[in-house]
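Quick notes on the structure that follows.
This is a predicted model, so every value here is computed, not measured. To find a chain, count down the sequence lines: A is the first, B the second, and so on, and within it residues start at 1.
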There are 2 protein chains.
Amino acid sequence: MAQKNLLPLILLGLLRDTKKTGYELKKDFETEIGEFWSVQHSQIYLELKRLTELKEISSTKGFFGSKIEKTYYEITPLGEERFEKWEKSFQNELAVNKDEFVLKLYFIKDKKDGRLQQLIKNQYDLHLEKLAHLNLRMKEVFSKIDKEQNYGHYLILNHAIKREEEYTKWLSDSLENINK
Amino acid sequence: MAQKNLLPLILLGLLRDTKKTGYELKKDFETEIGEFWSVQHSQIYLELKRLTELKEISSTKGFFGSKIEKTYYEITPLGEERFEKWEKSFQNELAVNKDEFVLKLYFIKDKKDGRLQQLIKNQYDLHLEKLAHLNLRMKEVFSKIDKEQNYGHYLILNHAIKREEEYTKWLSDSLENINK
DNA sequence: CATTACATGTAAGGAGTTACATGATTAG
DNA sequence: CTAATCATGTAACTCCTTACATGTAATG
């Protein structure tokens, strides 16, 4: 295994409730789950093919207009089994959190380094923007669906917001401290 | 580019002060920078070869005992240039933070789902352990070296600790809430 | 009528992990 | 004398991104 491949699990999870096309799955990564995972559509279609070979999903043909065929994918009992096994499995260690900005800071030795201020400001703006975006998402998402019935989603959006709050606070505190 | 390759920059950064062998660089990933980045030694040796071809590092032979040769790598002006260019560059967007646990939660719909409690507990233990480890690192690292002279490192260790504090707080709050 | 959205793929190439491979040196 | 550490690589595999490729349908 090159990298821990979680994409098949995500696809199975997204297909548990309703059958979907590859395009619809791709759309989910731009809205719904896109906050927490990213992937290219090329990878989705490859993985759908593989899952079909494994008989963890099955497909039926549909039409968009009269000419374009589209393929609906549906989860099979085998796929459900795999997904549920993953869903209840425990981790025994945490992955390293790779963050380019954090990495870059590691190499800045001197507190008085002039670049520090600008780099932090740049990062601060990015995270402030993300925080605003997440707050908006929180309102949007849970005006449409029920919190109690989508509790995991609620929890992680809540976490993402708190994480960004901590991140921006850390950055602004750091800005203050380097000027002391 | 398949993935944003930051390893060459890390290697250049680690070689700025002193020349090192591949093995010593590998060791750095187990201690120093290992908190913030992970990599396999096979990848290190490949990247050292590539950096040598690019003339961003140069190498000299040394000996371990009388038989085993070891190779010391040293940064060149070209390598320094590349590193400094990266060091002062700004990001214009944030990478998605991929966290398997967060992903898993996304798919848990019902607040009363029995797995929720166990999964959170498992994750809580892992993060509590990590937090304890980071606090220890903070003490260890800055008893040896000066904070003001290794400010970036101080900042990110500080951030990592706060991140874990937020993470564990989120998890324990969530545990409380699902039992309400 | 032009742009955006819908829809599905293949190809190329680099990144990352795991396993394989070898051998000297030091510490207990 | 045995295990851990020092030391450096290659090979296989697969993940992931970017680019290429094609064509219909809806919207303004």
query = For residues 76-91 of chain B, which residue pairs qualify under side chain to side chain donor-acceptor pair (under 3.5 Å), counting only residues two or more places apart or in two chains?
reply = A:Glu100-B:Trp86, A:Lys104-B:Ser89, A:Arg115-B:Glu87, B:Glu56-B:Arg82
Rounded interatomic separation in angstrom, taking NZ from B:Lys26 and C1' from C:dT17 = 15 Å
task = State which residues pass salt bridge (Lys or Arg N to Asp or Glu O under 4.0 Å) with A:Asp173; sequence neighbours excluded, sorted by chain then number.
result = A:Lys169
request  = Decide whether B:Tyr106 and A:Glu32 meet the rule of one side-chain donor and one side-chain acceptor closer than 3.5 Å.
outcome  = yes
inquiry  = Could you go through B:Asn177 and A:Tyr151, starting from their C-alpha distance and side-chain angles, then the distance that decides it, and tell me whether this counts as side chain to side chain donor-acceptor pair (under 3.5 Å)?
reply    = CA-CA 11 Å; B:Asn177 282 322; A:Tyr151 207 67; 4.7 Å; no
task = Kindly state which residues belonging to residues 14-22 of chain A come within less than 4.0 angstrom of DNA chain C, counting heavy atoms of the residue only, listed by number.
result = A:Thr21, A:Gly22
ask   = To the nearest angstrom, how far is B:Glu69 atom CD from C:dT25 atom P?
value = 12 Å
Could you list all N or O pairs between the protein and nucleotides 26-28 of chain D that sit under 3.5 Å apart?
none

note = Sorted by chain and residue number, the side chain to side chain donor-acceptor pair (under 3.5 Å) partners of A:Tyr73 (sequence neighbours excluded) come out as none
Quick one: which protein N/O atoms are closer than 3.5 Å to N/O atoms of nucleotides 13-17 of chain D? Pair and distance per line, please.
unit_1 : atom_1 : unit_2  : atom_2 : d
D:dC15 : OP2    : A:Arg50 : NH1    : 2.4
D:dC15 : OP2    : A:Arg50 : NH2    : 3.2
D:dT17 : O4'    : B:Ala2  : O      : 2.5

query = In terms of ring plane angle, is the pair A:Phe142 and A:His153 parallel, tilted or perpendicular, where the classes change at 30° and 60°?
reply = perpendicular
message = Expressed as a whole number of angstroms, how long is the span from A:Ile44:CD1 to C:dT8:C1'?
response = 11 Å
request  = Ignoring hydrogens and angles, state whether a donor on the side chain of A:Glu35 or A:His133 is under 3.5 Å from an acceptor on the partner side chain.
outcome  = yes
inquiry  = Running the 4.5 Å side-chain criterion over Ile, Leu, Val, Met, Phe, Trp and Tyr, what cluster does B:Leu94 land in, apart from itself?
reply    = A:Leu126
task = Tell me which of B:Tyr73 and A:His41 sits closer to the 5' end of DNA chain D, going by the nucleotide each one is nearest to.
result = B:Tyr73
inquiry  = Apply the hydrophobic cluster definition, ILVMFWY joined by side-chain contacts under 4.5 Å directly or through others, and give me every member besides A:Leu46.
reply    = none
query = Within the pair A:Tyr23 and C:dC6, is there a side-chain N or O less than 4.0 Å away from OP1 or OP2?
reply = yes
request  = Round to the nearest Å and state the distance from A:Ile68 atom CD1 to C:dT8 atom P.
outcome  = 9 Å
query = Reckon B:Lys49 touches a base, only the sugar-phosphate, or nothing at all at heavy-atom distances under 4.0 Å?
reply = sugar-phosphate
inquiry  = What is the distance, to the nearest angstrom, from the CG atom on B:Leu54 to the P atom on C:dG14?
reply    = 12 Å
query = When you measure from every atom of DNA chain C, which of residues 27-35 of chain B have a heavy atom less than 4.0 Å away?
reply = none
task = Rounded to the nearest 0.5 Å, what's the gap from OG1 on A:Thr21 to NZ on A:Lys26? Could you check?
result = 10.0 Å
Nearest-angstrom distance from the residue atom NZ of A:Lys70 to P of C:dG9 = 13 Å
inquiry  = Could you tell me how far apart A:Leu48 (CG) and C:dT8 (C1') are, to the nearest whole angstrom?
reply    = 11 Å
remark   = Those residues at least two apart in sequence (or on a different chain) that pass salt bridge (Lys or Arg N to Asp or Glu O under 4.0 Å) with A:Lys98 are none
message = Test of understanding: with salt bridge (Lys or Arg N to Asp or Glu O under 4.0 Å), list the residues that count as partners of B:Glu93, not counting sequence neighbours.
response = none
request  = Answer yes if the side chains of B:Asp99 and B:Tyr167 hold a donor-acceptor pair under 3.5 Å, and no otherwise.
outcome  = yes
key: B:Tyr45 OH - D:dA7 P separation (whole Å)   = 8 Å
ask   = Taking ILVMFWY side chains as joined if any heavy atoms are under 4.5 angstrom apart, and letting links pass through other members, which residues group with A:Leu54?
value = none
